[in-house]
Asks: 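Can you keep this structure in mind? I'll have questions shortly.
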Number of protein chains: 2
Amino acid sequence: MSLDYAILGFLNYKPMTGYDLKKVFDDSVRHFWYADQSQIYRTLNRLNEQGWVQREVIEQDNRPDRKQYSITGQGREALQKWLISQPAEEAPHSSPLIQVFFAGQFPDEVVVKMFEFLDKAMDQQLAQYGEIPEKIEEYRRMLHSDREMYFWNATLDLGVRIAKVQQEWARDLISDLKDHRVPQK
Amino acid sequence: MSLDYAILGFLNYKPMTGYDLKKVFDDSVRHFWYADQSQIYRTLNRLNEQGWVQREVIEQDNRPDRKQYSITGQGREALQKWLISQPAEEAPHSSPLIQVFFAGQFPDEVVVKMFEFLDKAMDQQLAQYGEIPEKIEEYRRMLHSDREMYFWNATLDLGVRIAKVQQEWARDLISDLKDHRVPQK
DNA sequence: GTATTATATATGCTATCTCCTATATAATAT
DNA sequence: ATATTATATAGGAGATAGCATATATAATAC
């Protein structure tokens, strides 16, 4: 699974705990990969059994011990192999588009509201994207590499471009609806 | 789940079997919703138990009996309620972007190949999108409604716009890499 | 002649995901 | 004072997805 490799990718920068990983995921790749907390812990256990990561327990008082994971040679090999492999195309699943697809049965005013909602949602998303560079800044030191940052930013750039396209699309549809260019039943 | 409502959406046009549905899905909404065959059958069974669809068995010789499903009043209510509801935002998951995100560790030539692959993949996707209108044409009669077709086409239009944006993005990155505008390690 | 595609449904198995909940303390915010 | 957030990990339960496979015949393609 891809989560495996995303985790390995981060551990390849430096050893981390499940807790650390959850934060890094949320700060840096949330715009294209949401990682569930319990899933991160379960995956780390599995990767450890597989020998792709190594666990080091750091004892603490008053708190659960930190379990720090580092990538192993095998893990690094698997990661690099996967990173340059051709991605198996994923089966698309977009429920908002199901709504659009069957929207024809509703009157124009109702459909306009649907697209206005999408328009605003894209505003919010773009605003959220705007905050990511600051969060990422904290990790610049961890990476100490402008090259890495370039590709981190590239994924964000794509997110922004897609959000804008979706917004334009929604707005074009709103215009069509308001100017009565959409056929009636 | 959204598959429930996509199925109800189609059954709202006319009664169909699982086999019919699989074809309609593949012909019309594959660009944003891939439906697994076994999942369609299982979902139909569940929807039947829920009372959202009704099953009529049509006996056949030499073949398994056709099990034709029609939407019920309850099902139609549920469908309409869902269609105009605000979509719960989905957790994004894009493995190709994981590859981009961690691409910095590879030399320029390797990364260029990754993006060239994406560029070509978008060409193929756009070509596939080009074939959809013909396939959809068969269903125009089923719908006998230009209004419905308008929204079918809208989903396709969005797919095309996004594919083009991704392609531009990939090409921009290729230029940056080839012109040495991407920082080295 | 042989292989594939179309017609039609169904189940087993596994992986995985998501949600919720549990535990425990310190520090910060209101 | 009280509530929330940060630190840290983990498991149960249920839903669903995906893949493979089974069955059986007719028609079409090569």
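Here is the naming used below: chain letters follow the sequence lines, and residue numbers restart at 1 for every chain. Excluded from the calculations below are hydrogen atoms, water molecules and symmetry mates; all remaining heavy atoms, backbone and side chain alike, are included.
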Asks: Quick one: side chain to side chain donor-acceptor pair (under 3.5 Å) partners of B:Asn12, sequence neighbours excluded?
Replies: B:Arg76

Asks: Applying a 4.0 Å non-hydrogen cut-off, can you work out what B:Arg63 is touching in the nucleic acid: base, sugar-phosphate, or nothing?
Replies: base

Asks: For DNA chain D, what residues of residues 5-29 of chain A have any heavy atom nearer than 4.0 Å?
Replies: A:Thr17, A:Gly18, A:Tyr19, A:Lys23

Asks: With A:Asp26, which residues qualify under salt bridge (charged side-chain N to carboxylate O under 4.0 Å, His left out), at least two apart?
Replies: A:Lys22

Asks: Under a 4.0 Å N-O cut-off, is there an ion pair linking B:Asp20 with B:Lys14?
Replies: no

Asks: Checking B:Phe32 now: which residues fulfil ring pair (Phe, Tyr, Trp, His ring centres under 6.0 Å) with it, not counting sequence neighbours?
Replies: A:Phe101

Asks: May I have the list of side-chain donor-acceptor pairs in residues 52-60 of chain A shorter than 3.5 Å, sequence neighbours left out?
Replies:
| unit_1 | atom_1 | unit_2 | atom_2 | d |
| --- | --- | --- | --- | --- |
| A:Arg55 | NE | A:Tyr69 | OH | 3.1 |
| A:Arg55 | NH2 | A:Asn45 | OD1 | 2.5 |
| A:Arg55 | NH2 | A:Tyr69 | OH | 3.3 |
| A:Gln60 | NE2 | A:Pro64 | O | 3.1 |

Asks: Can you name the residues that form a side chain to side chain donor-acceptor pair (under 3.5 Å) with B:Asp27, not counting sequence neighbours?
Replies: B:Tyr139

Asks: Can you give me the first and the last nucleotide of DNA chain D (5' to 3') that has an atom within less than 4.0 angstrom of a non-hydrogen atom in chain B?
Replies: D:dT16 to D:dA26

Asks: Checking one residue: A:Tyr41. Which other hydrophobic residues are in its cluster under the side-chain 4.5 Å linking rule?
Replies: A:Tyr19

Asks: Heavy atoms under 4.0 Å is the rule here; annotate nucleotides 15-23 of chain C 5' to 3' with B where the base is hit, S where only the sugar-phosphate is, and - elsewhere.
Replies: -SBBB----

Asks: Got a sec, which residues hit salt bridge (charged side-chain N to carboxylate O under 4.0 Å, His left out) with B:Glu116, two or more places apart in sequence or on another chain?
Replies: B:Lys178

Asks: Among all residues two or more places apart in sequence or in another chain, which pass the side chain to side chain donor-acceptor pair (under 3.5 Å) test with A:Tyr34?
Replies: none

Asks: Can you list every pair that meets ring-ring contact (aromatic ring centres under 6.0 Å, His included) and has a residue in residues 70-94 of chain B, with sequence neighbours left out?
Replies: A:Trp33-B:His93, B:Tyr5-B:Trp82

